[in-house]
2 protein chains.
Amino acid sequence: MSEIKQSSTNFSNKLALSDECSEAYASNIIGGQWTLVICSWLLSGKLRFGELKKKLPGITERMLTLQLRKLEENRIISRTVYAEVPPRVEYEVTEIGYALKSVITELEVWGTSHKKLIGE
Amino acid sequence: MSEIKQSSTNFSNKLALSDECSEAYASNIIGGQWTLVICSWLLSGKLRFGELKKKLPGITERMLTLQLRKLEENRIISRTVYAEVPPRVEYEVTEIGYALKSVITELEVWGTSHKKLIGE
DNA sequence: TTAGGTACTATAAATATTGTAAGTAATGAG
DNA sequence: CTCATTACTTACAATATTTATAGTACCTAA
């Protein structure tokens, strides 16, 4: 994440695609390894950092942080810090984040039937 | 593409996610840089390799080939070779490929409204 | 004074994906 | 024989994403 090279061909290709095709644009935003699963969990209610971590076996704290930051940047989730010790931080979906629900549903439907097809 | 390391953490993470979440599974399949755009074009009719290339400014032949192969492996598109010279190869979506239409539509809808929100 | 919980950050390394540049096969047209 | 056309393939280089590991700050409770 972090460092992207704005002079790379890859960067300008992505830019051009995003510009023309909203579906490619969307895919760039929610296409990260853990992104959809995080959103999926948050769609059913706000969660703390540690709670999310438990829901995602295998994720590292760094990855979780990165993905959450990216989601926050894209205004898909909001972050609330409580001034307590030990710290408490809660994440929840915004309105546009909530709107991902139908996307996720369609992906699930399609994924399920694709799995079935391939499994035959 | 080509070489994935089946012993990597990344690989097993993806596997585990795909296994549990159909939306992550779907995302793994259609998450490539050009995948959705290619599908999008093919949804409106079969196209030849060269035609696709023209529709996708910036794609290299290598990338186009790789993406088409992956789509074919995943049975999203089918490939027909005509025994002519110069060669003619046509690609078209399969049934499960056609079912991506609603996914793409939702992504477009969401992408468009997200763009709008961010643009404000 | 020391340990412990929570939500991180820093740095480096490993993997994965994408891009560059060049070449191939087959055959018909000239 | 040579060239053009089409749909690739190959070898390698650059970039992007993900993982590994080890910290940090803060206060509280023992």
Side-chain angles (χ1 to χ4, degrees), chain A residues 1-17 24 27-38 46-70 72 77 79-91, chain B residues 1-17 24 27-35 37-38 46-72 77 79-91:
Chain A
M1 237 129 173
S2 6
E3 306 292 319
I4 56 172
K5 200 158 194 176
Q6 311 212 341
S7 61
S8 72
T9 306
N10 184 262
F11 181 76
S12 46
N13 277 339
K14 269 185 183 152
L15 221 62
L17 278 175
S27 171
N28 276 338
I29 294 185
I30 60 170
Q33 170 95 73
W34 305 90
T35 318
L36 282 175
V37 191
I38 292 173
K46 61 171 71 164
L47 288 172
R48 299 179 57 176
F49 185 89
E51 291 173 323
L52 270 170
K53 208 177 86 175
K54 271 178 217 145
K55 306 260 189 204
L56 305 169
I59 202 173
T60 60
E61 299 193 336
R62 173 178 149 78
M63 255 300 121
L64 183 49
T65 304
L66 285 176
Q67 302 274 330
L68 288 170
R69 289 285 178 284
K70 195 183 164 195
E72 202 193 345
I77 62 174
R79 179 170 178 268
T80 314
V81 184
Y82 296 89
E84 300 171 3
V85 167
R88 180 159 64 100
V89 181
E90 287 185 343
Y91 294 93
Chain B
M1 239 129 173
S2 10
E3 308 290 318
I4 56 170
K5 202 160 193 177
Q6 309 211 343
S7 61
S8 73
T9 306
N10 186 264
F11 182 77
S12 45
N13 277 339
K14 268 186 183 152
L15 222 61
L17 278 175
S27 172
N28 276 338
I29 294 186
I30 60 169
Q33 169 96 73
W34 306 88
T35 317
V37 190
I38 292 174
K46 61 171 70 167
L47 289 172
R48 299 180 57 176
F49 185 88
E51 291 172 324
L52 270 171
K53 208 176 85 173
K54 271 177 216 146
K55 306 260 188 205
L56 305 169
I59 202 172
T60 60
E61 300 193 334
R62 172 180 148 80
M63 260 298 123
L64 184 50
T65 305
L66 284 176
Q67 303 272 329
L68 289 170
R69 290 286 178 281
K70 193 182 165 197
L71 285 169
E72 201 192 347
I77 62 174
R79 179 168 178 270
T80 314
V81 184
Y82 296 89
E84 301 171 0
V85 166
R88 179 160 64 100
V89 180
E90 287 185 344
Y91 294 93

Distance, rounded to the nearest Å, where B:Leu47 contributes CG and D:dT6 contributes C1'
15 Å
Atom NZ of A:Lys5 and atom C1' of D:dA13 are separated, to the nearest Å, by 12 Å
Is the phosphate of D:dT18, meaning OP1 or OP2, less than 4.0 Å from a side-chain N or O of A:Gln67?
yes
For A:Ser27 versus B:Gly31, what's the shortest heavy-atom pair and its separation?
OG-O, 4.4 Å
Expected output is a numbered-order residue list: members of residues 10-17 of chain B with a heavy atom under 4.0 Å from any atom of DNA chain D. What is it?
B:Asn10, B:Asn13
For A:Trp34 and D:dT18, give me the distance from atom CH2 to atom P, rounded to whole Å.
10 Å
In Å, rounded to the nearest 0.5 Å, how long is the span from CD of A:Glu90 to CD1 of A:Ile77?
12.5 Å
Is A:Tyr82 touching bases, backbone alone, or none of the nucleic acid, heavy atoms closer than 4.0 Å?
nothing
Does B:Ser8 put a side-chain nitrogen or oxygen below 4.0 Å from OP1 or OP2 of D:dT18?
no
Nearest-0.5 Å distance that lies between atom NZ in B:Lys14 and atom CH2 in A:Trp34
10.5 Å
Of the candidate nucleotides C:dT20, C:dA7, D:dA20, which contains the atom at the shortest distance from the side chain of A:Phe49?
C:dA7
Atom CD of B:Glu90 and atom P of D:dT6 are separated, to the nearest Å, by 14 Å
Pick one: which of B:Lys70, B:Arg62, B:Arg69 meets side chain to side chain contact (heavy atoms under 4.5 Å, CB included) with B:Leu66?
B:Arg62
Give me the distances for all protein-to-nucleotides 22-30 of chain D N/O pairs that come in under 3.5 Å?
none

A:Asn28 CG - C:dT17 C1' separation (whole Å):
13 Å
N or O in side chain of B:Arg48 less than 4.0 angstrom from D:dA7 OP1/OP2:
yes
Let me confirm one number: the CE-CG distance from B:Met63 to B:Leu68, rounded to the nearest 0.5 Å.
11.0 Å
Between C:dA7 atom C1' and A:Met63 atom CE, what is the distance in whole Å?
17 Å
B:Phe11 and B:Gln6: which non-hydrogen atoms are nearest, and at how many Å?
CD2-O, 3.3 Å
Smallest heavy-atom separation, A:Arg79 atom then A:Tyr91 atom, equals NE-OH, 3.3 Å
Do A:Gln67 and A:Thr35 pair up side chain to side chain, a donor and an acceptor below 3.5 Å, judged on atom types alone?
yes
Using atom CG of B:Leu64 as one end and atom C1' of D:dT9 as the other, report the distance to the nearest whole Å.
14 Å
Over all atoms of both residues, closest heavy-atom pair of B:Asn13 and A:Pro57
OD1-O, 4.5 Å
Heavy atoms only: give me the nearest B:Gln33-A:Asn10 pair and the separation to one decimal.
OE1-ND2, 2.9 Å
Residues B:Leu64 and B:Leu56: closest non-hydrogen pair is CD1-CD1, 4.2 Å
D:dT18 phosphate, OP1 or OP2, under 4.0 Å from A:Arg62 side-chain N/O:
no
To the nearest 0.5 Å, what is the distance between NZ (B:Lys46) and CD (B:Glu51)?
11.0 Å
Show me the dot-bracket string of DNA chain C, counting Watson-Crick or G-U pairs under 3.5 Å, with | for pairs to another strand and [ ] for crossing ones.
||||||||||||||||||||||||||||||
Mind calculating the distance between CD (B:Glu84) and C1' (C:dA29) to the nearest angstrom?
16 Å
Go nucleotide by nucleotide along DNA chain D from the 5' end; which of B:Thr9 and B:Arg69 gets its closest nucleotide reached first?
B:Arg69
